[in-house]
Amino acid sequence: MIKSSCINRSCAVQYVVWSKPDMRWTKTLIPTLREDPQEAEIDSHKLLLRAGLIRKLAGGLYTFLPLGLRVLHKVERIVREEMDRAGALEILMPALHPREIWERSGRYSIMGDVMFRLADRQKKDFVLGPTHEEIVTELAAGELRSYRLVPRTFYQIQAKFRDEIRPRFGLMRAKEFIMKDAYSFDVDSQAADASYDAMYQAYVRIFKRCGIRTKVVEADTGAMGGKWSHEFMVLADSGEDGLVECTSCSYAANLERAERQPPEPAVWETGDDLPEPVATPGQRTIEEVAAFLKCKPAQLIKTMIYRLDGKPAAILVPGDREINEHKLPQALNVREAVLADEATIASVTGAPVGFAGPIGLTIPVYADLGLKGIRGGVTGANRADTHTRHVSLDRDAAITAYADLCVVKGGDRCPRCGADLAEQRGIEVGHVFKLGTKYTEAFNASFLDENGHQQTLIMGCYGIGVTRTLQSIIEQSRDANGIIWPTAVAPYPVIVLPMNVQHEPTMAVVNRLVGELETRGIEVLVDDRDERPGVKFKDSDLVGFPIRVVVGERGLAKQQVEIKRRRDTQAVMSPLDEALTTIVNMIQHDTQQE
RNA sequence: CGGGGCGUAGCGCAGACUGGUAGCGCGUUUGGUUCGGGACCAAAAGGUCAUGGGUUCAAAUCCCAUCGCCCCGACCA
C-alpha cells in the first residue's frame, strides 16, 4: 500500500527529505480528544492537547507527537531559512554548562534561581543552559581575533531549560522549550546596529511566514542587560505581557518600559489651605483611606519607601497608580531599587507601614511627573493612624526630583506625540537586544583592527521562542471547531477524506489524487479510518488542515470531489480532472497571502 | 514561596457531608444494523480510588503527613 515514489521525488521537498509526503491516519498517531482536558486553561493549550499534537509528561514538560513535531519542524525550517538568508551561521552549543562560565559574567547569582543546577560524579557543578550569551562569547573570544573575522552572527535552535517559578499555559511557559538564539559580534557600534537591523528584519519575515501578526514594542532589557531592545508580541488576551501602543503615531512599548507625557496638574483644591492632619484610624491602603475621607484614590499621594543601592528614599506616585520598578534604576540613576522592609520604613518615617508621607522626610524624595503641581492632595502624616490633607507638593515637601516613575496605563498620553495610548495584552515570541560590551568585556572578547589595535567586540543577541511561537499561532488562528493552520506551518497542507473506505471506486480516486499531489511535493494526510463522516469532519476541523478534500460516492456520481478551505465556510465542487490544479493553486495562493 | 482548587478506568466526571461489594458518559475490543457533520443495539475488557500512616469489625469516604496537577499572586530573557 505504501507508495515508494517518495524516494525518487524527495528533491521536491526541501529540507524535510526524511519525511514521507503522504500519510495514512491509521498508520500514525493522532489521538484527538472529544472534550477539553482538565489541565488546560487557555484555548491554544486545549487545542494542542485535543488535536493530538502534544502530551504532558509533567508540569512544563511536553512530548511532541507526530503531528505536533511536524509543525515544530516547519516553524524551525522557516527560522533557519530566514536566519541563513540574513547571513547568520548555524552552530550548536552544549545545553550543559560548567558553573564557572556563569560566574564570570556575574549571572550565576543574578539568574541562579532560574537555572537548573547539577553536579557530575566528581562533584563538579554544572547548569542547564537557560540562554547562551556566556557560551557564545567564550567562543567569540577564542575565535574572532581579527577584524577579518568580524562581523559574524551565530545562531542555534536548541532546548533551553528554565526553572520557571510557575510553568503555565502548555508550551507558553515551560521548563524545557525550544529556542532559536542568535548572537552578533561587530567591530563598532554602527556595524552592530546593522547586524541588529538585519535580525530585526529577519524576525519580521519569520513571523509573517508563520502566519501570525506581531506587534513590535520597545522593551526592558531585564536580566539580559544591554542598552536597547525590541520585543515581537503576538497580540492575545491570554498574553502574559502588557503593552501600550499609540493611537496616533508608531510608538509601542512593553508596560515594563512604557513612558508617558505628564498629565495636567491635579488640582483638587484651590491650594489656599495649609496641610492639616486628619485622623484615619486603621486606614492603611489607598482604597481604605479614599473611602474613609470620601475622596478619589487619585487624590492621594502614594508614598513608598525604597532602598536605592541600599540607601532609603521615598518614591511618590498618584494614588491610583503603580510604581514601575523596572524604570526606577534608569530614572533615578541607581543600580538596584528594592522595596524597603518594615523596620526601615518605621525608622525613616517614624510611623508604621501605611502612613508614610513626603512632608518632613529627611531622605531623598522622588515624585512621579503626574504629581507635579498637585494641589489638595492627601498623604500619610508619618504618624500612626493619621494622614495629611490640603497638600500641595511643591509648597509642602522637599522633592529631590520629579521623574517618570509609574506604570503607564491605557488613556495616558504618548511620550512621542501626546495622543492617547491604548493598552493590550501580548505574548512575547521574539526579543532582540543590543548588548554592547557587557559580555565581551567580561570574557575579554577582543580583536585586532586594521591598525593592530586591540578592540572589544560589540554584541547583540536575538531570541525566538520556537515552541511558544507554535502555540501562539494557534492562539491567533482558531475558531470554535479547532485550529486553523496557516499553510506554511500546517502539519499537512491537505487532508483527504474518503467518505467510505470500503468503496473501491472512492479509494481508487483517493489513491490517484494523493499520488498526483505527491509528485508535486505536497504533503497529504489521508483519513483512511473506517469511521462515519461526521467523525472525520470533526477531527479534520479540530486539527485544522488548511485544505480538505472529500471524496464520496455522491460527488463521484458526478465525477466531482469537494474541496474546502478550513478558514472558509463554503466548499467548492471540483471536477475530478481539475482537482489537482485547484488544490495546487489554492496552496500557492494561500502561502503567498499568509 | 503565599492564597485557592483538584487527584476515582485512556478522557471528562459522580460517589465522600451520613464509612458497608467501584459507578456514569465518552473512548477501547467483539458482533450486528447503519453511513456526508462526533450513529444505534448487544456483549466485553479496563481501577494499587495519588502515596504513606492512623482511627475502625469495616475507609474512595473520617484524621495526619507527603507527592503531583491547575488557578491567582509574588517572581521571571
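Keep in mind it's a predicted model, so treat the numbers as computed, not measured. Heavy atoms only: backbone and side chains are in, while hydrogens, waters and symmetry mates are out. Sequence lines set the chain letters: A, B, ... in the order given, protein chains first and strands last, and positions in each chain run from 1.
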Separation of atom CG in A:Leu49 from atom P in B:rC69, rounded to whole Å: 15 Å
Using 30° and 60° as the class limits, which term best fits the ring planes of A:Tyr492 and A:Phe545: parallel, tilted or perpendicular? tilted
A:Lys56 side chain, from C-beta outward: closest of B:rC70, B:rG25, B:rC71: B:rC70
Just by modelled atom types, is the A:Glu82 backbone N or O under 3.5 Å from a matching donor or acceptor in the A:Arg205 side chain? no
Heavy atoms under 4.0 Å is the rule here; annotate nucleotides 27-39 of chain B 5' to 3' with B where the base is hit, S where only the sugar-phosphate is, and - elsewhere. S------BSBBBB
Sequence neighbours excluded, which residues qualify as salt bridge (Lys or Arg N to Asp or Glu O under 4.0 Å) partners of A:Glu531? none
Is A:Glu35 touching bases, backbone alone, or none of the nucleic acid, heavy atoms closer than 4.0 Å? base
Excluding sequence neighbours, so at least two apart, what forms salt bridge (Lys or Arg N to Asp or Glu O under 4.0 Å) with A:Arg55? none
Pick the P atom in B:rC63 and in B:rC17, then give their distance to the nearest Å. 9 Å
Ring center gap for A:His230 and A:Tyr200 short of 6.0 angstrom: yes
Quantified in whole Å, what is the C1' atom distance between nucleotide B:rG4 and nucleotide B:rU48? 29 Å
Using the C1' atom as the point on both nucleotides, what is the distance between B:rU8 and B:rA14, in whole Å? 10 Å
Work out how far the C1' atom of B:rA60 is from that of B:rG15, and round it to whole angstrom. 8 Å
Checking A:Glu240 now: which residues fulfil salt bridge (Lys or Arg N to Asp or Glu O under 4.0 Å) with it, not counting sequence neighbours? A:Arg168, A:Arg173
Please report the distance separating the P of B:rA59 from the corresponding atom of B:rA50, rounded so that it comes out in whole Å. 15 Å
Write down the partner of B:rG36 under the Watson-Crick or G-U wobble criteria, each distance required to be under 3.5 Å. none
Looking across every strand, which nucleic acid part, if any, lies under 4.0 Å from A:Phe177 by heavy atom: base, sugar-phosphate, or nothing? base
Nearest heavy atom decides the nucleotide; on that basis, is A:His431 or A:Arg168 closer to the 5' end of RNA chain B? A:Arg168
P atoms of B:rC41 and B:rU51, separation to the nearest Å: 35 Å
Under a 3.5 Å limit for both distances, which nucleotide forms a Watson-Crick or G-U wobble pair with B:rA45, could you say? none
Within 45° of the six-membered ring axis of A:Tyr62 and under 6.0 Å from that ring's centre, is NZ or CZ of A:Lys56 located there? no
For nucleotides 40-50 of chain B, list the nitrogen or oxygen atoms of the protein found under 3.5 Å from its nitrogen or oxygen atoms, one pair per line.
none

P gap between B:rA45 and B:rC24, integer Å: 13 Å
Expressed in whole Å, how much space separates the C1' atoms belonging to B:rG19 and B:rU55? 11 Å
Against the side chain of A:Pro37, the closest entry in B:rC75, B:rG12, B:rC69 is B:rG12
Name the closest nucleotide to the A:Ile165 side chain, picking from B:rC72, B:rC70, B:rA74. B:rA74
For the pair A:Gln476 and A:Arg213, evaluate side chain to side chain contact (heavy atoms under 4.5 Å, CB included) and give the outcome as yes or no after the intermediate values. CA-CA 8 Å; A:Gln476 205 171 67; A:Arg213 299 175 304 281; 3.4 Å; yes
Please list, chain by chain and in numerical order, all residues satisfying salt bridge (Lys or Arg N to Asp or Glu O under 4.0 Å) with A:Glu562, sequence neighbours excluded. A:Arg548
Which word best sums up how the rings of A:Phe232 and A:Phe207 line up, parallel for under 30°, tilted for 30 to 60°, or perpendicular for over 60°? tilted
Separation of A:Asp36 atom CG from B:rC71 atom P, in whole Å? 14 Å
Has A:Arg173 got a side-chain N or O lying under 4.0 Å from the OP1 or OP2 atom of B:rC76? no
